[in-house]
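Computed from heavy atoms alone, side chains included, the values below leave out hydrogens, waters and symmetry copies. Here the structure is a predicted model, which is why all the values come from computation and not from measurement.
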Amino acid sequence: MSSLMVDFIISLDGYGAAEGWPGFWGMEGPEYLAWLEEDSRNKYTTLMGATTYRLMSGFAEQMPDDPGMALLAASPKVVFSSTLEEPLSWSHSEVNREEPVAAVREMKRRDESPLRTLGSVSLCRSLVAGGVVDRFRVVVFPVVTGATGRDRIFDGYPDLALDMVEHRTFDGGIQLLDYVPRVLEGPPGTGD
């Protein structure tokens, strides 16, 4: 049986990007980049939505010699979309038109390789709300982008309790936080 990890990089105030800022908010350092390269060697099946697919496949096409993009290109990818048509141009990619929560339940039951998400804020929100997420990993960059931030990650999420299973600091400020999520029916302690 497989497991699913939702995986985000965010600013301290919960944005996935900021207008005019470079990737990683220009704050990636050697420790973080080494960990990212090491982590990308894990054999995941990557889940994403159509918008993330279009963005990342474009990056892969523009940067074919980038080691991280090459590893992602070589790994299996499932794109949840009602608009994309097969065959997809990015290698090892397939379209799934099923309802994502039910599809992921079946993938977890059937497959052995772990699943992870890439971007895809609304897909991740529905997977968390559907209770199919086993790990919730967030890398927090030490920046607040209140004026320029885009893509608020946690808007519309259900209430969650997060049990920490790992944490780490990279380059003196970037925080890795790895949790097991539990969807809450109400504030902790009110329904026990």
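- A heavy-atom distance below 4.5 Å is found between the side chains of E94 and E86.
- In this structure, the side chains of R116 and R137 come closer than 4.5 Å at one or more pairs of heavy atoms.
- With a 4.5 Å cut-off on side-chain heavy atoms, F154 and V128 do not count as touching.
- The aromatic rings of F170 and W35 sit tilted, their planes meeting at an angle between 30° and 60°.
- A donor atom on one side chain and an acceptor atom on the other are found under 3.5 Å apart for W21 and T148.
- Looking at N96, its side chain does come within 3.5 Å of a backbone N or O of E98 through a donor-acceptor pair.
- Nearest heavy atom pair, residue V104 against residue F80, reads CG2-CZ, 4.1 Å.
- Connection of M164 to L162 is established within a shared hydrophobic cluster, with ILVMFWY side chains joined at heavy-atom distances below 4.5 Å, either directly or through further cluster members.
- A single hydrophobic cluster is seen to contain both M56 and L88, as judged by linkage of ILVMFWY side chains at heavy-atom distances under 4.5 Å, directly or through other members.
- Side-chain atoms of T46 do not come within 3.5 Å of backbone N or O of K77 as any donor-acceptor pair.
- By the criterion of side-chain heavy atoms lying less than 4.5 angstrom apart, applied directly or through intervening Ile, Leu, Val, Met, Phe, Trp or Tyr residues, L127 is grouped together with V78 in one hydrophobic cluster.
- Residues I9 and F59 do not share a hydrophobic cluster, defined by chaining ILVMFWY side chains whose heavy atoms lie under 4.5 Å apart.
- The backbone N or O of T145 sits less than 3.5 Å from a side-chain atom of D13, completing a donor-acceptor pair.
- Using a distance-only test at 3.5 Å, with no hydrogens or angles considered, a donor-acceptor pair links the side chain of D134 to the main chain of L4.
- A heavy-atom distance below 4.5 Å is found between the side chains of V183 and L160.
- Residues M107 and S2 come closest through the heavy atom pair O-CB, 4.3 Å.
- One N or O on the side chain of R125 and one on the backbone of D155 form a donor-acceptor pair closer than 3.5 Å.
- The two residues A50 and T83 come nearest to each other via the heavy atoms CB-OG1, 4.2 Å.
- In this structure, C124 SG and L118 CG are separated by 8.5 Å, a value rounded to the nearest 0.5 Å.
- Atom CD of residue E166 and atom CG of residue L177 lie 10.0 Å apart, to the nearest 0.5 angstrom.
- Considering CZ of R41 and OG of S75, their distance stands at 13.0 Å, rounded to 0.5 Å.
- Side-chain N or O atoms of D171 include one that pairs as donor or acceptor with a backbone N or O of E31 at under 3.5 Å.
- Closest of all the heavy-atom pairs between S40 and L71 is OG-CD1, 3.2 Å.
- To the nearest 0.5 Å, atoms CZ (R135) and CG (L115) are separated by 14.0 Å.
- Side-chain N or O atoms of R105 include one that pairs as donor or acceptor with a backbone N or O of G130 at under 3.5 Å.
- Considering CZ of R150 and CD1 of I153, their distance stands at 10.5 Å, rounded to 0.5 Å.
- With T52 contributing its side chain and S120 its backbone, the two residues share a donor-acceptor pair below 3.5 Å.
- Note that OG of S3 is 11.5 Å distant from CD of E112, once rounded to the nearest 0.5 Å.
- Smallest separation of non-hydrogen atoms from P64 and A70: O-CB, 4.4 Å.
- F8 pairs by the ring pair (Phe, Tyr, Trp, His ring centres under 6.0 Å) definition with nothing, not counting sequence neighbours.
- Within the 4.5 Å cutoff, the side chain of S89 has heavy atoms near those of the Y53 side chain.
- Counted within 6.0 Å of CD on Q175, heavy atoms from surrounding residues, nucleotides or ligands total more than 12; the atom is thus considered enclosed.
- Counting only heavy atoms from C-beta outward, the side chains of V139 and Y32 approach each other to under 4.5 Å.
- Side-chain contact between I174 and W25 is absent, with no heavy-atom pair separated by less than 4.5 Å.
- Between the side chain of S11 and the main chain of V144, no donor-acceptor pair closer than 3.5 Å is present.
- Side-chain contact between R54 and L84: present, with at least one pair of heavy atoms (C-beta onward) separated by less than 4.5 Å.
- When all heavy atoms of T169 and G172 are compared, the closest pair comes out as CG2-C, 4.0 Å.
- In the hydrophobic clustering of ILVMFWY residues, with side-chain heavy atoms under 4.5 Å counting as a link, Y15 and L55 come out apart.
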